[in-house]
Amino acid sequence: MIPELKIALAILLLPLASFVLLIFFGKRFMDKAGHIGAAFLGLDLILALFTFGSRMGTEGKWDFTFTWIDFHTMVNNVPLKIDIGMMVDNLTAVMLVVVTLISFLVHLFSLAYMKGDIRYSRYYANLGIFTFSMLGIVLTNNYLLMYVFWELVGLSSYLLIGHWYEKKSASDASKKAFIVNRVGDLGFFIGIMIVWMQFSTLTFDGIFGAIGTGVIPFDSNTWLTAAGLLIFCGAVGKSAQFPLHVWLPDAMEGPTPVSALIHAATMVAAGVYLVARTFPMLTADALMVIAYTGAITAFIAASIAIVQNDIKKILAYSTVSQLGYMVMGLGVGAYSAGVMHLVTHAAFKAGLFLASGSVIHAMHNALHHQHDHHTDAQDVRNMGGLKSKMPFTFWTMLIFTLAISGVPLTSGFLSKDEILAGTLAFSHFTGHSIIPIIGFLVAGLTAFYMFRMLILTFMGEHQDKQRYDHVHESPFVMTVPLMVLAALSFFFFFSLNPISASHGWFFEKMTYPTVVVPAAAAATPTEEFVEEVHHQHTMAMVLSVGVSGLGILLAFVTYFWKKISADAFEKTLKPLHTFLYNKWYFDELYDATAVAAMMGIAKVLSWFDGAIVDGIVNGAGWLAKLVSNISSKFDSYVVDGAVNFIAYFAGLLGLSLRKVQTGKVQTYMILAIIGLMVLMAMYM
Amino acid sequence: MELKILNIGILTWLTFLPVLGMIIVLLLPKEQKSAIRWTSLGITLLQVVFASILFTKFDRTLAGVNNADTMQFKEVFNWINVHSTGWFGSIKIDYFLGIDGISMPMVFLTALISCVAVISSWSIEKSLKGYFALLLLLDTGMMGVFVALDFFLFYIFWEIMLLPMYFLIGVWGGPRREYAAIKFFLYTLLGSVLLLLAMLALYFSVTIIDPASGEKIHTFNMLAMMNPANYDAGSILSGIHTTWRYLAYVAIFIGFAIKVPIFPFHTWLPDAHVEAPTAISVILAGVLLKMGTYGLLRIGFPIFPDAAMHYLYPLAFLGFINIIYGAFCALAQKDFKKLIAYSSVSHMGIVILGIAAMNTQGMLGGMLQMFNHGTITAMLFLIVGVIYDRAHTRGVDEFGGLMNKMPKYSGIMIVAFFAAIGLPGLSGFISEAFSFLGAFQTFRWLTIASAFGIVLTAGYMLWTLQRVFLGTLPERWNDLTDINTREMIMLIPLGIIVLVLGLYPNLMLDVMNTSANTLVDFVRANAGVAVGN
Amino acid sequence: MTITLTHFLIVSAILFSFGIYAVISRRNAIMVLMGIELILNSANINFLAFSRFGGMNIEGQMAAVFVIILAAAEAAVALAIVLNIYKRFHTVNVDEISFLKD
Amino acid sequence: MYEIIFYFFAAVTIGSAGVVVFSRNIVYSAFALFFTFFGVAGIYVLLNADFLAVTQLLIYVGGILVLILFGVMLTTNTVSVDIKAKSLNTLPAVSVVAALAGLLAGMIWTTDWFMSKNMSEITAQTTSKEIGSALITTHLLPFEVASVVLLVAIVGAAMMARRESVKTQISNSK
Amino acid sequence: MLETILSNLNNILPEVVVTVTLCLVLILHLIDRKNAQNLMLLAVAGLFTALYVLTTQIGLNNSTFSGMLSVDPFATYFKIVIILSTIVVAVMSRFSDEINDEKKTSGEYYFLILSMALGMMFMVGASNLLMMYLTLEMSSLTSYVASGFTRKAKDSTEASLKYLLYGAFSSGIMLYGISLIYGLTGTLDIVGVNHVLMQGSSSQLALIVASIMILVGFGYKISAVPFHFWTPDVYEGAPTTITAFLSVASKAAGFAMMMRAFKVMFIDSSVTSLPPGAWTLISGVHIQNALMILAVLTMTLGNLVALWQDNVKRLLAYSSIAQAGYMLLGLVVLSSDGFAAVMIYFVVYLFMNLGAFYVVMLIANKTKSENIDDYKGLGKRTPLLSVALAVFLVSLTGLPPTAGFIGKWMIFLSLINAKMIGIAVIGVLNSVVSLYYYVRIIRNMFLRDGQPNEEPIKFPLAQNILLMSLLIPTLYFGLFFNELIQFAQFSVQMFGLK
């Protein structure tokens with residue numbers, strides 16, 4: 001193991017150490033627990049930056065693989081064993097920085113935000129294990145460990161979402177998140193099974209190498225597509241893609257910094273990361289499905305976000321929408337753009353969440369001061385005019401909103417632009433023009449709803465004067481992370497050219513991976529595609545700035561200048577509004593179908609088990625008794641003399657066993673003689 | 001490899017230590033309650049120590065399975081020797097003990113679970129003496145099953161467990177204990193009589209040369225039964241793919257399936273589990289269920305390779321049904337213990353699916369799952385027991401918010417629950433993953449269908465977790481206390497094993513690997529070999 | 001028409017049937033005992049007839065001797081038991097003495 | 001002559017046996033039994049079994065029949081007229097017995113019995129001597145056993161019949 | 001002549017010893033009418049002497065009294081079983097309140113027991129159909145009287161009447177059957193019968209009628225369905241000691257006689273192609289199928305009806321019917337394995353069944369009840385006795401590690417060896433059914449609570465010693481059955497057969 005990898009290992013283990021320390025001794029540290037966690041993460045960030053720096057200077061990748069389990073047997077003349085290991089390439093290095101940075105900032109932010117929480121140390125411990133699992137996903141070089149950390153991320157998100165588990169909604173949300181993720185993971189797992197069965201290895205190199213030589217599962221391209229899509233299922237779950245996106249908005253029940261960390265910047269991005277990692281083995285068909293999935297997700301989420309009033313819900317749907325964007329980007333083949341959007345989005349979305357956390361924190365304090373426990377601290381309709389009260393928060397928030405809206409000079413503009421160029425190129429090659437149409441539409445919608453939120457929160461008049469007086473700017477530890485993230489939302493961190501990222505360091509280092517699936521590579525040659533993206537770039541830029549501007553303008557017209565009455569609009573389009581407000585009724589649909597079916601089947605089977613399977617057994621016992629007691633109906637007294645002769649014999653035969661024992665010795669004798677006669681008759 | 005203490009083999013010690021303990025317990029006066037408890041604990045602890053010694057001394061490179069030379073810690077004594085009188089020929093039955101990679105983990109598990117069961121029985125007050133005497137007798141029966149290599153001996157041990165179990169459920173159990181106890185008893189007996197018939201048929205089909213006298217004799221030696229060359233031409237079970245061989249395999253299968261329990265034969269399990277006292281549920285789930293699958297591995301597969309291969313798909317299908325069916329049933333339960341009981345059905349289905357794969361990964365996965373399920377389910381039942389001891393109710397919906405009230409308890413509970421869900425890093429994951437990976441190679445669609453079980457498992461486990469531990473605490477549970485040291489002592493070691501095996505499964509896989517490979521190769525190689533011709 | 005073995009056997013069979021009939025259909029215990037005597041007599045006729053027509057084989061006659069002895073012993077015991085019954089139950093009707101039953 | 005005697009005795013035997021079985025009065029039955037035993041004794045004579053015939057008369061008529069009559073008298077309330085003994089199970093009894101009789105008849109007709117080849121050589125002769133010697137040689141053991149049986153029967157019968165001071169009994173289980 | 005008789009006497013020395021003992025008992029009773037203890041001791045002493053003499057006869061294989069009696073290992077084996085059970089019953093009777101209430105007639109009681117034993121000892125050796133009938137009647141006559149021994153109890157009297165009528169009826173039919181066999185073969189000696197039958201007979205029908213009529217007599221003695229009807233009523237009504245004796249010794253004697261009769265009479269010794277120990281029936285004799293049907297019916301009916309019983313004695317009566325069914329399976333096999341299995345079963349059955357009855361009797365002494373409901377809570381009141389009963393019942397079910405398992409195991413072993421797997425399946429399924437009612441008793445004793453504040457029951461040492469001497473073999477033979485099998489296999493030899 002080379003020294004750099006040892007450092008990478010340290011990066012992985014530091015948060016774990018934080019977790020172990022805090023889970024077992026957390027109580028002892030009292031309110032110092034947060035500082036300990038933050039210290040660990042600070043160190044981690046430094047190491048990650050160091051790794052990033054040294055990584056960027058070299059070619060190739062750092063890899064370390066060892067045999068974890070050797071089955072001591074051969075399959076198809078290949079020794080059967082499971083190799084695992086870790087690796088650091090450019091993608092990993094970038095992700096390391098993203099994860100540790102956001103995590104560190106969230107740790108910092110939480111020092112104030114979570115102050116006085118009853119499970120303060122537990123909170124930091126959970127942050128630790130989350131960071132650990134997330135880093136694990138990034139550092140591993142095989143699907144098995146990927147799956148392992150994948151599940152651990154699920155666990156830690158379960159713990160973090162359910163942090164305030166006394167609230168039914170919180171525990172429901174955490175459960176929902178885990179189970180919905182499990183559904184996706186199931187697909188991921190089946191995909192792994194297919195891969196394992198064909199290649200007997202789970203390392204990325206091993207699998208891609210084998211596919212490169214033309215080996216495909218079950219000699220069928222369909223199966224290869226299926227394998228890719230099944231693995232993509234994992235991403236659908238984690239990255240909240242349609243149709244498994246329903247858990248993410250609910251997950252806002254967790255503390256807001258958690259939302260920033262998990263549900264904006266890192267965990268949900270893991271799905272995108274998975275697609276990026278799996279990219280080489282995805283077939284053209286698989287990519288098509290992925291592109292559509294992303295597009296649909298982006299659109300649905302954006303449409304819902306327009307009508308939400310809860311500040312965190314708006315951000316949640318915006319996250320879903322942006323994730324759809326990334327997935328769409330990868331799906332259309334704009335690999336570098338997708339990954340870049342992941343990174344830029346991580347920064348500004350984490351910023352948005354933290355800023356909203358700052359607002360909520362302030363609102364909470366104000367409401368608390370008023371002893372008002374009914375007003376929703378997260379509802380944008382209860383805010384307004386906070387700009388002057390919370391300047392730091394407002395200005396950073398504005399930068400983030402501009403970034404997400406894709407206004408030039410921001411990082412968001414760069415990455416979004418590249419994705420849109422990619423979709424145009426994609427439609428050029430495949431003729432699926434619906435993808436770019438959705439892309440631009442969503443860009444417009446995003447600008448609209450984000451500014452709607454910004455305006456409702458910070459501008460205009462405050463709804464309640466007294467409350468307004470009690471609102472104060474958040475403390476230093478909360479605003480510093482905001483400022484750091486705001487800085488990162490400008491273009492120059494990614495490319496020196498403010499209008500195009502394609503010649504920046506990011507695109508250089510994050511090159512398009514070699515597609516190993518022969519058929520897919522032939523369908524869309526990489527060079528031609530990159531060429532076409534360049535070609536479409538100007539067009540994309542113009543269009544995207546146009547729709548964003550339109551969106552922003554519309555937001556100002558409606559909510560700031562109030563030239564258009566939002567209420568009137570809402571009333572005229574009541575059904576649509578209700579539909580969107582209820583999130584396209586996805587939850588209801590799932591409750592009515594999948595959940596109801598599950599519970600229904602469970603009830604039926606449980607009943608079946610109790611009544612039928614058990615009943616058959618008990619029935620057999622009952623039958624045995626019946627057989628030996630049927631008698632009473634053929635009581636010997638009933639059949640006295642006058643009864644039909646044959647009926648009498650039938651009765652005698654039917655007289656079952658026990659009631660034959662009448663106590664009358666002569667009956668016994670008759671039966672004995674009948675027995676004797678029957679025995680004789682058998683041989684005649 | 002031999003290991004002797006006081007000139008008596010270690011396997012004999014392991015098996016009969018509890019009998020020794022039982023005698024001591026019976027001799028102690030009824031009033032000496034703590035002496036009885038400590039004696040039982042001492043004996044079972046000693047068993048754990050012996051099992052650990054065995055575990056460390058175990059040679060990982062020897063396969064065993066069908067080869068007597070590579071069986072370890074062998075003990076062979078002639079037990080019954082009726083000289084030839086011309087009719088049966090000589091009847092020779094050996095006291096033949098030995099272990100290989102298939103039985104080693106089970107031996108360790110039995111010792112461990114027995115010890116845990118004794119600790120968890122500490123608060124038993126009713127007829128204490130009888131309780132511990134029966135518990136120790138049960139221990140002997142279980143241990144004997146896993147070390148016996150002579151079919152007759154195996155059968156004796158197999159049946160010895162029935163009666164103590166009947167009493168332990170019937171006397172110390174819940175309100176419907178009588179029903180549950182007799183149901184368990186009848187079911188298991190039904191299975192074992194079928195086993196008996198198959199055993200006798202095997203006895204008459206297999207002939208070996210008696211090394212002592214040089215004459216041809218029938219034998220109950222399991223290893224001899226695995227050798228195709230030992231079958232008499234024209235005997236009942238000679239040939240290949242004959243009706244009799246199928247029937248015998250099915251008889252053996254039903255015998256073991258009832259114990260596992262496999263789908264249509266499982267209905268004794270929820271009743272028995274719900275009514276049994278905690279320690280007995282732990283033993284039932286932890287060890288007894290494993291006997292069924294162990295029997296399949298030790299007897300069903302290697303003795304009837306042709307039938308086993310022929311019925312591989314039905315077996316896997318039953319495994320699939322177990323997984324899904326058990327999970328669904330668990331989902332609908334309101335009784336905490338019944339829920340765990342059904343989860344056992346589901347988890348044992350994974351074992352069945354894994355071993356039905358008949359390849360190394362599946363076999364190892366299944367075998368590891370046997371061990372892991374033993375520890376995880378034991379933890380789950382102990383967890384239910386802890387809460388039942390305090391609240392005297394097991395209704396899942398009656399609780400809530402215990403996480404705050406009982407933090408230590410909840411911590412351990414989270415480990416157990418997530419291990420049962422199959423969370424990576426905990427032992428359940430590895431075995432489930434291997435079982436599925438292996439099964440996928442053999443049964444593609446069935447495995448995909450079965451994999452839905454992992455979603456369902458997460459569903460019912462988390463739902464239970466939410467209902468019991470999250471939310472707000474109902475007022476009537478305000479005076480619940482967190483778990484005490486004794487309960488920690490029984491739960492922590494299991495938790496550690498779950499954790500360690502999750503991170504380093506090689507610890508156990510190493511022990512099983514050689515034997516599992518040999519078993520798979522043996523069955524595959526012999527599936528087409530006609531016996532006795 | 002000479003009298004053959006069959007004639008004797010027929011007499012014996014009739015006697016046997018009568019005996020069986022008496023045993024299973026008469027209520028009075030003493031009647032049942034009489035029926036049993038008839039059965040024994042029919043068997044004896046058989047023994048003697050077979051003995052006669054089998055070439056004066058003495059074994060048959062010996063059998064008959066012992067059957068008669070046993071019949072006497074049995075009658076003694078039977079009567080004692082019947083008297084005992086009468087003392088307890090004040091009846092000797094077999095069908096009324098049926099307290100032991102399922 | 002032989003035939004006439006046979007038919008006579010056969011008629012006596014079967015006729016009186018019929019009375020025994022079908023008579024509704026138990027006393028009639030008991031007396032009819034005498035004729036049955038007598039008829040059987042006659043048949044014994046026809047079968048060259050003189051010793052047996054005498055024994056039959058002595059033991060059956062002199063012993064068993066007397067015992068039975070005692071039984072009838074002791075167990076029947078002779079003062080009342082009701083000494084009828086009804087029958088039960090008539091229908092099944094008749095059918096069963098009819099079937100049995102049919103079976104026996106069929107068997108008797110069809111069977112090839114163990115028969116001496118030279119029937120003519122057999123002459124009427126007394127068998128008393130043969131029986132006597134058989135009893136102390138070949139049949140010594142049955143003879144001894146029979147003596148024990150008689151001893152047992154006597155002791156048993158005496159024990160059973162001996163009158164106790166009658167107390168009211170309570171059955172112990174029902 | 002005298003020398004022959006004397007040498008013959010030597011062969012029946014055990015019987016002579018028993019005869020002398022029963023005379024001595026009678027005399028002692030006349031001298032001292034009150035002391036039952038001495039009578040018992042005398043009887044037991046005589047029986048032990050007879051047992052000792054028997055052991056010297058092991059291995060003897062000859063025929064005495066002009067072929068009337070065989071003294072062969074087969075007979076000796078069963079005689080040992082009979083004497084052992086007689087000893088147990090004799091000792092047990094001393095502890096029985098039922099019997100002790102009849103102090104004045106205790107002399108007759110032991111006389112009856114001994115004469116029953118005597119009759120049975122002759123039964124197992126009888127090798128002449130006349131002798132068989134005679135000895136069968138002898139043991140039956142004494143049994144009728146013995147079951148009516150407690151004259152105060154109505155039940156006992158009723159039992160004796162039913163037993164008498166049914167027994168006399170059955171033996172009458174058997175006698176008729178014997179006369180037909182005589183008519184077919186011209187001889188009553190079973191070896192002679194065999195020789196004649198071997199020559200071939202065209203009279204199938206008569207052979208069937210005769211053999212099945214004889215089967216009625218045997219069937220009644222061993223209580224095989226459908227000739228079992230007397231069994232529950234008599235077992236329930238008779239004194240418990242007598243019931244125990246009938247269920248073991250009488251059944252053993254009946255089985256021995258039946259096995260000898262069928263094997264010697266109907267074996268076709270001209271067939272030599274069979275594996276060692278197996279034999280075949282003379283063509284035209286269909287006794288095997290008849291026995292098979294009987295066996296299946298017997299165990300099935302016994303077990304099914306036993307499910308419904310509430311009186312423990314009656315339950316054990318049905319259980320003993322079922323046990324007879326299992327034993328009949330051993331006959332069906334038509335091989336020495338099967339016979340040896342039956343013989344092993346009897347030794348096992350001796351201990352477990354007598355043990356069960358003994359415990360039932362002791363409990364009835366104290367609680368005055370044989371109802372299963374009154375067994376509730378006995379596990380607490382008298383743990384030793386309850387555990388012992390549980391062991392006996394488990395053994396009757398046939399679970400290891402009790403002797404009952406070995407008995408059943410040997411039966412099924414021989415069945416499987418003969419490839420009669422269908423029957424074996426019915427057999428094992430029956431034993432599962434039987435578990436249910438045996439466990440009912442165990443359940444009541446241990447799982448149910450009795451009336452509150454019931455006193456513990458204590459039993460004197462002597463009674464516990466007898467209990468132990470039944471309990472220990474029940475467990476011992478479950479694990480160490482080497483000698484038992486060996487001895488049984490040795491004892492399968494019958495005189496007159498190769």
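Throughout, a chain's letter reflects where its sequence line sits, starting with A, and its residues are numbered from 1.
To the nearest 0.5 angstrom, F469(B) atom CZ is 8.0 Å from M406(B) atom CE.
The parts of F436(B) that come within reach of chain A are both its backbone and its side chain, each placing non-hydrogen atoms under 4.5 angstrom from that chain. Of the atoms belonging to L465(B), it is side-chain heavy atoms, and not backbone ones, that fall under 4.5 Å from chain A. Both the backbone and the side chain of F440(B) come within less than 4.5 Å of a heavy atom in chain A. At a 4.5 Å heavy-atom cutoff, L186(B) makes no contact with chain A through either its backbone or its side chain. Contact of A433(B) with chain A is made through backbone and side chain together, with heavy-atom distances under 4.5 Å. Within the 4.5 angstrom heavy-atom criterion, only side-chain atoms of L364(B), from C-beta onward, approach chain A.
Under the 6.0 Å cut-off for aromatic ring centres, F418(B) and F178(A) qualify, their centroids lying closer than that. Checked against the 6.0 Å centroid threshold, F443(B) and F320(B) do not count as a close aromatic pair.
The greatest number of non-hydrogen atom pairs below 4.5 Å with chain B, out of I192(A), L80(A), I23(A), is found for L80(A). When D172(A), L145(A), L152(A) are compared by the number of non-hydrogen pairs under 4.5 Å with chain B, D172(A) comes out ahead. Contact count versus chain A (heavy atoms, under 4.5 Å) is highest, among T360(B), N359(B), T472(B), for T360(B). The candidate with the highest count of non-hydrogen atom pairs below 4.5 Å against chain B, out of I179(A), N181(A), D185(A), is I179(A). The choice from Y147(A), F149(A), Y158(A) that makes the most heavy-atom pairs within less than 4.5 Å of chain B is Y158(A).
Residues T140(A) and M86(A) fail the side-chain proximity criterion, which asks for heavy atoms closer than 4.5 Å. Between D100(B) and L62(B) the shortest side-chain heavy-atom distance does not fall below 4.5 Å. Inter-residue side-chain proximity for P505(B) and W68(A) is flagged as met; some heavy-atom pair is nearer than 4.5 Å. Side chains of N126(A) and S156(A) form no contact here, defined as non-hydrogen atoms less than 4.5 Å apart. At a threshold of 4.5 Å between non-hydrogen side-chain atoms, the residues Y187(B) and L269(B) do not count as touching. Residues L9(A) and L13(A) form a side-chain contact, since some pair of their non-hydrogen atoms from C-beta on lies under 4.5 Å apart. Using a 4.5 Å cut-off on side-chain heavy atoms (C-beta onward), L402(B) and M413(B) make no contact.
Proximity to chain A at a heavy-atom threshold of 4.5 Å picks out N506(B), L509(B), N513(B) from residues 506-514 of chain B, in numerical order. Against chain B, the residues from residues 159-167 of chain A that qualify, each with a non-hydrogen atom under 4.5 angstrom away, are L159(A), Y165(A), E166(A) in number order.
Side-chain contact check for T203(A) and N141(A): no donor-acceptor pair (N or O, by modelled atom type) lies under 3.5 Å. A side-chain N or O of Q361(B) and one of W196(A) form a donor-acceptor pair less than 3.5 Å apart. Side chains of Y179(B) and K183(B): a donor on one and an acceptor on the other come within 3.5 Å.
Annotation for M367(B) and A516(B): closest pair SD-CB, 4.0 Å, computed over non-hydrogen atoms.
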